[in-house]
Amino acid sequence: MKTANNQPSKRDSFASSFGVLVALAGSAVGLGNLWRFPYLVGQNGGAAFILIYLGFVILAGLPVMLAEFIIGRRSHASARKAFQKLAPGTRWGIAGVLGVICCVFILSFYSVVGGWGLEYLYKAVCFDFTTGDDQALKTMFSGFSTSVWRPLLCHTIFLGLTAGIVIAGVQNGIEKFSKVMMPLLFLIVIGIAVRSMTLPGSGPGMDYLFMPDWSKVTSETFLAALGQSFFSLSLGSCMVITYASYVKKEANIISLCAQTAAADTVFALIAGCAIMPAVFAFGISPGEGPDLVFITLPHIFSQMPMGGVIAILFFLALILAALTSSISILEVIVAFCIEEFKMKRKVAVAVVFLLILVLGALCSLSIGPLDGWTILGRNIFDLFDFLSANFLMLICGLLFVIFVGWKLGRKAVFDELSNGGTLHIPAWLLKTAIFLIRFAAPAALIAIAVFQVKE
Ligand code: PHE
């Protein structure tokens, strides 16, 4: 039996284009927007970082996304199998395997931070953020995150929720969940942004976000911005390859990728508007680092009118955003296990759940009792974050654009982007997309790599 898009019926697929869009945007919008983006903006000089970030989204992010989409939809397979189908007898499959390894690293620390979100939602519901005393809030967070059992319990619950949705499959789990949660998420964060921007004294926060100060920009800013654009758009991790493998042939690739990148960027900016004006209104330093969301924000919530309710909404949004992303990361690994080892979906989810449970536990403990265990000067949590966002994702992204731009070649890219000439896409747009894939993205990625090695 075959489905409408001529795929064997046992391979799951998305039901509609809107479903694909919300699932892709759901994967993109996540802790990267609500947790990583604001603290990187804070540490790297505000608007200048945002402009460099936007440049990378267009020059490197979009072309890599197009390339991944082409690989997934053309092969109807995920990760390694996709490359094997498109370039049989070559070693390109290794690029796919690297992407899956990257997802293992990401999901391990992602699930720990998702677990922190659950704990903080619980604290918000119990109205625990009543003190404006920074020291007390710091002690609250470090006491919790460095302890043994509670963060592990939260990590397990978060991973369990993720696994529960992925077990239900692509159409019934991922697509349905994202369709309901994504609009809700946007509404909540827009509401918080309006509250934050109307606080007295919020003006400097808006200036910080939108008036560039180039003096804070260093070579590290560029790597941070590039890494963040990949992390936030879920690139170089085989996520887009995997989701695109469930997409029907008639989908318009350019339009889906552009809408996903736009939704993710707009969401990051709204998250910035929800956080920075309040940070400035209460005279707090924006460069707090990764703890911004868990220490600085509760401080602000404790002093803000209606702060108790806003705190609940914020941590609810954080968890929803994290879940629509964590399901996509888990799906990459699960799809790989199903295809490579012929596992049933349930078995694959169970096996990957156990693997990430253990690796995530190591990440969690590396902040507390195991913080003496360092590799390359980093604890396990930071190592996984660094290896994925600043290393593996970028290498995989480079391999993916080279594969599509040079191995599959111009004609195949043209065919995929225009669906064999049936979509009426202006010639300049096609040419620009092909130029970005073949030249701009590889050049940007290689330049940053050379720059880093030289430093
Ligand atoms: N883009 C997600 C976020 O911003 C993280 C992610 C990375 C998801 C890689 C899937 C794959 O939180």
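None of these values were measured; they are calculated from a predicted model. When reading the values below, keep in mind they use all heavy atoms of this one structure, side chains included, and skip hydrogens, waters and symmetry mates. One-based numbering, in listed order, for ligands and for the atoms of each.
Between Ser232 and ligand 1, a contact under 3.5 Å exists for at least one N or O pair. Backbone and side-chain nitrogen or oxygen atoms of Met239 are examined, and none is located within less than 3.5 angstrom of a nitrogen or oxygen of ligand 1. Backbone and side-chain nitrogen or oxygen atoms of Leu233 are examined, and none is located within less than 3.5 angstrom of a nitrogen or oxygen of ligand 1.
Relative to the ring axis of Tyr120, Lys123 places its NZ or CZ within 45° and under 6.0 Å from the centre. No cation-pi contact links Arg150 to Phe144, judged by a cut-off of 6.0 Å to the six-membered ring centre and 45° from its axis.
Of the candidates Phe384, Trp116, Phe381, Phe109 forms a ring-ring contact (aromatic ring centres under 6.0 Å, His included) with just one, namely Phe381.
Proximity of Ile106 to ligand 1, defined as any heavy-atom pair under 4.0 Å, is confined to the side chain (atoms from C-beta onward). Of all the heavy atoms of Ser234, the ones lying under 4.0 Å from any atom of ligand 1 are found in both the backbone and the side chain.
By the 30° and 60° cut-offs, the orientation of the rings of Phe280 relative to Tyr208 is tilted.
By the 4.0 Å heavy-atom criterion, Tyr110 is counted among the residues contacting ligand 1. The closest approach between a heavy atom of Arg36 and any atom of ligand 1 is not below 4.0 Å.
A search for side-chain hydrogen bond (donor to acceptor under 3.5 Å, both in side chains) contacts involving Asp382 returns nothing, not counting sequence neighbours.
Side-chain atoms of Thr242 and Ser78 form no donor-acceptor pair, as typed in the model, at a separation below 3.5 Å.
Which parts of ligand 1 touch Ser27 is read off a 4.0 Å heavy-atom cut-off, strictly below it: atoms 1 (N), 2 (C), 8 (C), 10 (C). Below 4.0 Å from some heavy atom of Asn33 lie the following atoms of ligand 1, by number and element: 4 (O). Interface atoms of ligand 1 facing Met393, defined by a heavy-atom separation under 4.0 Å, are 7 (C), 9 (C). Ligand 1 places these atoms under 4.0 Å from at least one heavy atom of Ser237: 9 (C), 11 (C).
Evaluation of the ring-ring contact (aromatic ring centres under 6.0 Å, His included) test over residues 157-176, restricted to residues two or more places apart or in two chains, returns none.
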